[in-house]
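Below, chains carry the letters A, B, ... as their sequence lines are ordered, and counting in each starts from 1.
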There are 2 protein chains.
Amino acid sequence: MAGSHTLAETERQVSSLLRGMNIDFKAMTVVSNLFRAANAARNHLEREVLSGNRLSWTGFVVLWVVWVWGECETREIAEEVGTSKATLTGVLKTLERDKLVAKRRSKSDGRLVLVTLTGDGKRLMTRIFPEFNKQEVYLVSSLEGSERKGTADALRKITLHARGDLAQKGKKRKR
Amino acid sequence: MAGSHTLAETERQVSSLLRGMNIDFKAMTVVSNLFRAANAARNHLEREVLSGNRLSWTGFVVLWVVWVWGECETREIAEEVGTSKATLTGVLKTLERDKLVAKRRSKSDGRLVLVTLTGDGKRLMTRIFPEFNKQEVYLVSSLEGSERKGTADALRKITLHARGDLAQKGKKRKR
DNA sequence: CTCCACTCGTTAGGATACGAACGAAACGAG
DNA sequence: CTCGTTTCGTTCGTATCCTAACGAGTGGAG
């Protein structure tokens, strides 16, 4: 988790390996810092908030979506959480086993499955979300107010850009 | 993956659920955008570069570390990659099966295992890393030059802050 | 030299993750 | 109504991913 090597050291090594291949180190730095930060933040939140409550990261995100938006179709949850349908099936199985969510079939469309929070699920989220947000505050506490907005904006741009070609690919798939 | 709901909508929902509990939405926004961006970027890179080469994300990162730094102890790789030792064992097994890395025991310390890239591994990295970097450039291409530096700096701050308590916990574990 | 605490990598067991293939349900065209 | 297509969630197979427990190797204390 540490990434003990300095950026400058890494840069020197990569330079000598790819001499004359025109590597953009600035871009590399932004992207690698993105993954380092996301990893570190996720580990922090899992350690400080989730593991003590027997919750996985994805399990928590699923609970959060259903908690905020109420009864959801599983395809909506998968979309919002950012996992495949197959993964969500497994995560919901775990959450259902732990009595945190309940599933039922839609009456208007027999293919759909609707998910709701149980009483336990609601109580759990009401209890731990404030803790979770407290740790979010901790994570960004080394950033100035203006820096937070700028960072959030930049991250949003990266997200949209990365997803851009995804939408195009979806359209192209005509068969 | 989409996250179709607006921030304002989400904020309204969360507000009504936690009325009077003092949630910091700015911090929530930064952190959630961090995860969205990292997820989207990772999916983009897996789709555009890795999946065509039968490489998993972690497998690629492991190859990258060994490629840049030369023969490595497995504990160093795990540290640098950010996974547990147990996970690395499995990933190395896959990479070894695909003839991309080779392992050998250290002679000076019989507990250590040293990992090197095979010829195939080196050729693979020499071929795909420029592609990978090209996609990194694509990912940050919507950011101004100054914005890139600011974002990288902010992400570095978050990483260090998130890891801060980890180091303390490590020290406390006396037993 | 003999313990013994410590550090390695691996294993065991369970949960998460994906693409591909599948069966059930919905629904348009004929 | 019937057929073909599409859209669901699930299942299957495989690969990550974690913690905990483990066996082997190390090295200091006595």
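OP1 or OP2 of D/dT16 has at least one side-chain nitrogen or oxygen of B/Ser56 nearer than 4.0 Å. When the side-chain nitrogen and oxygen atoms of B/Lys107 are compared with OP1 and OP2 of D/dT26, none of them lie within a distance under 4.0 Å. An OP1 or OP2 oxygen of C/dC18 is reached within less than 4.0 angstrom by a side-chain nitrogen or oxygen of A/Thr87.
Rounded to whole Å, the distance from CG on B/Leu88 to P on D/dA15 is 16 Å. Per the geometry, CH2 belonging to A/Trp57 stands 21 Å off C1' belonging to C/dG14, to the nearest Å. Atom CD in B/Glu79 sits roughly 14 Å away from atom C1' in C/dC8 (whole-Å rounding). B/Asp98 places its CG atom 12 Å from the C1' atom of D/dT14, with the value rounded to the nearest Å. With rounding to whole Å, B/Arg54 atom CZ is found 13 Å from C/dC18 atom C1'. Separating the CZ atom of B/Arg47 from the C1' atom of C/dC18 is a distance of 14 Å, rounded to the nearest angstrom. One can place NZ of A/Lys85 at 12 Å from P of C/dA20, the figure rounded to the nearest angstrom. Rounded to whole Å, atom C1' of C/dG9 lies 13 Å from atom CD of B/Glu96.
Heavy atoms of B/Thr94 sit under 4.0 angstrom from primed sugar atoms or phosphate atoms, though from no base atom. Contacts of B/Arg97 with the nucleic acid, taken as non-hydrogen atoms under 4.0 Å apart, involve only primed sugar atoms and P, OP1 or OP2. Residue contacts for A/Lys93: at a heavy-atom cut-off of 4.0 Å it reaches no nucleic acid atom on any strand shown. Across all strands, A/Thr89 comes closer than 4.0 Å to base atoms (heavy-atom distances). Using a 4.0 Å heavy-atom cutoff across all strands shown, B/Ser84 reaches at least one base atom of the nucleic acid.
Annotation: B/Glu144, atom CD; neighbour count of heavy atoms from other residues, nucleotides and ligands within 6.0 Å does not exceed 12.
A/Asn43 and B/Arg163 form no side-chain donor-acceptor contact under 3.5 Å, judged by distance and modelled atom types alone.
Here the CG atom belonging to A/Leu112 is positioned 10.5 Å from the CZ atom belonging to A/Arg104, to the nearest 0.5 angstrom. The CZ atom of B/Phe129 sits 5.5 Å away from the CE atom of A/Met28 when rounded to the nearest 0.5 Å.
Closest to the A/Asp109 side chain, of the nucleotides C/dA25, D/dT11, C/dT16, is C/dA25. Which of D/dT19, C/dG9, C/dG19 sits closest to the side chain of B/Thr74 comes down to C/dG9.
Nearer the 5' end of DNA chain C, as judged by each residue's closest nucleotide, is the contact made by B/Leu92, out of A/Leu92 and B/Leu92.
Look at B/Arg75 and B/Glu79 and you find no salt bridge, because none of the NZ, NE, NH1 or NH2 atoms lies under 4.0 Å from a carboxylate O.
For D/dT26, its base never sits under 3.5 Å from the side chain of B/Arg111 at any donor and acceptor pair.
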